Protein chains: 2
Amino acid sequence: MLSRASKYAILSTLFLAEHSSETHKISVKVIAESIDVPNPFLAKLFQQLVRGKIISSTKGPNGGFYLTKKNGKRTVLDIIENIDGLSRLNECFLGLSECDGLNPCPVHFIVEPFKNGILGKFRDLSIMEFSKEIIAQGRKLTLKDISTDFEKK
Amino acid sequence: MLSRASKYAILSTLFLAEHSSETHKISVKVIAESIDVPNPFLAKLFQQLVRGKIISSTKGPNGGFYLTKKNGKRTVLDIIENIDGLSRLNECFLGLSECDGLNPCPVHFIVEPFKNGILGKFRDLSIMEFSKEIIAQGRKLTLKDISTDFEKK
DNA sequence: ATATTAAAGGACCTTTTTATCTTTTATTAT
DNA sequence: ATAATAAAAGATAAAAAGGTCCTTTAATAT
Ligand code: FES
Ligand code: FES
């Protein structure tokens, strides 16, 4: 449904929301390691997110990526739109050319409320609001296998 | 979430459920054209479904693919398992390594009931039951753009 | 028996997605 | 000014998914 690229972009942007600021920029390297995403691939994604004004960057020493207040008001849906385009979110679960009530596939009426739920959340909450929710719930958004953390302990 | 291959396989098997029988076998070509799926690609998928005993085939004149009574008792989930494996169905929507309540991603509690709904339907209904539902509702499961049908009219 | 038909099997090709590498450009601390 | 730093840009590569083609095998109608 979402490409890996989108997922990386979402998690990384939420990471910036939580850990960066205009006075504390973060390099791709740090982010890539924190959430366990391939470094140069993430760099590419970030370039595109910067062009889409979803995140911000500055070059040079103490440079890196960060969110401005304005950036924080963008939505997760903006990220998806920027990376994957919106069409992928609206695909029929079984591949029919149209996903709507006109010629619904056998699972359409299970899929539709889910889609609306996800879409609503991605569209109506800003990145910053989204992030606050995550912090409040004490979640760790990393692709690292958390079980390895337990072992290390 | 599902590969295109799985989707093709599901729609094609449901087509067999509706249109084939032990005395009326259908060739890949006919099916591929009916639901608008690439012919040789579908042939490969069917080979695999036959090996998985989800559909049946006979070679030679009047040969083709069909469902036995036993085949009809298999489930859509069997098809998915046979083509994609089950892991793809259980992936976290945002790519976290585990999708469960332990470290749920921000949309986990929207995703989970959906997954359960889909999974339940795919697991608890046999292919034949599934098909009857579709017939009762008068659905057309083809990948063809239906709007072109309107134009042709 | 033979020709015909349609699936099975295996090799191969294309496109898309994911990932990497190298060079250039901008920023800033010294 | 200069060196160091980090992103931008662009070219390339590897992997996965999707799709095609050709030869072999099995079934059957004649
Ligand atoms: S028509 Fe298939 S999910 Fe909507
Ligand atoms: S943890 Fe992300 S969907 Fe379940």
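In this text, all values refer to a predicted model and were calculated from it rather than measured experimentally. Proteins get letters first, then strands, A, B, ... in listed order; numbering begins at 1 in each.
- One can place CG of A/Leu42 at 12 Å from P of C/dT20, the figure rounded to the nearest angstrom.
- Sorted by first and then second residue, the pairs that involve residues 84-94 of chain B and meet side-chain hydrogen bond (donor to acceptor under 3.5 Å, both in side chains), not counting sequence neighbours, are B/Ser3-B/Asp84, B/Ser6-B/Asp84.
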Verdict with supporting geometry, B/Val76 and B/Leu125, side chain to side chain contact (heavy atoms under 4.5 Å, CB included): CA-CA 8 Å; B/Val76 173; B/Leu125 286 181; over 6 Å; no
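- At whole-Å resolution of the value, CG in A/Asn39 and C1' in C/dT18 are 14 Å apart.
- Summarising the geometry, the separation between CZ on B/Phe65 and C1' on D/dA26 is reported as 13 Å, rounded to the nearest angstrom.
- Comparing B/Pro40 and B/Lys25 by the nucleotide of DNA chain D whose heavy atom lies nearest to each, the residue mapping closer to the 5' end is B/Pro40.
- Taking side-chain N and O atoms only, B/Arg51 has no distance below 4.0 Å to OP1 or OP2 of C/dA8.
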Output a table of donor-acceptor pairs, distance under 3.5 Å, between side-chain atoms of residues 40-50 of chain B and any protein atom two or more places apart or on a different chain; print 'none' if there are none.
residue: B/Gln48; atom: NE2; partner: B/Asn82; partner atom: O; Å: 2.7

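- Looking at residues two or more places apart in sequence or on another chain, you find a side chain to side chain contact (heavy atoms under 4.5 Å, CB included) between A/Cys92 and A/Leu94, A/Leu96, A/Cys99, A/Cys105.
- Below 30°, between 30° and 60°, or above 60°: for B/Phe122 and B/Phe130 the angle between ring planes is between 30° and 60°, a tilted geometry.
- The nearest whole Å value for the distance from the CG atom in B/Leu49 to the C1' atom in C/dA8 is 14 Å.
- The interatomic distance linking B/Lys53 (NZ) with C/dA8 (P) rounds to 12 Å, in whole Å.
- Residue A/Phe41 contributes atom CZ, which lies 15 Å from atom C1' of C/dC21 at whole-angstrom precision.
- Looking at residues 54-62 of chain A, you'll see A/Lys59, A/Gly60, A/Pro61, A/Asn62 sit with a heavy atom under 4.0 Å from some atom of DNA chain C.
- Using modelled atom types, no side-chain atom of B/Arg123 and backbone atom of B/Leu77 make a donor-acceptor pair closer than 3.5 Å.
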Footprint string (nucleotides 10-17 of chain C, 5' to 3'): B base within contact, S backbone only, - free, heavy atoms under 4.0 Å: B------S
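- Nucleotide D/dA7 holds its P atom 11 Å from the CG atom of A/Leu16, rounded to whole Å.
- Looking at heavy-atom distances under 4.0 Å, B/Pro38 makes contact with sugar-phosphate atoms alone, never a base.
- Residue-level contact check: A/Ile26 touches the backbone only, with heavy atoms under 4.0 Å from sugar-phosphate atoms and none from bases.
- The backbone N or O of B/Pro106 lies less than 3.5 Å from a partner atom in the side chain of A/Lys121, making a donor-acceptor pair.
- Nucleotide D/dG18 holds its C1' atom 13 Å from the NZ atom of B/Lys7, rounded to whole Å.
- Closest contact between the side chain of A/Tyr8 and the listed nucleotides D/dG18, C/dA19, D/dA8 involves C/dA19.
- Residue contacts shown for A/Phe46 are absent, as no nucleic acid heavy atom lies under 4.0 Å away.
- Scored by the side-chain hydrogen bond (donor to acceptor under 3.5 Å, both in side chains) test, A/Thr75 finds A/Asp78 as partners (sequence neighbours excluded).
- In this structure, NZ in A/Lys7 is found 13.5 Å from CD1 in A/Ile35, a value given to the nearest 0.5 Å.
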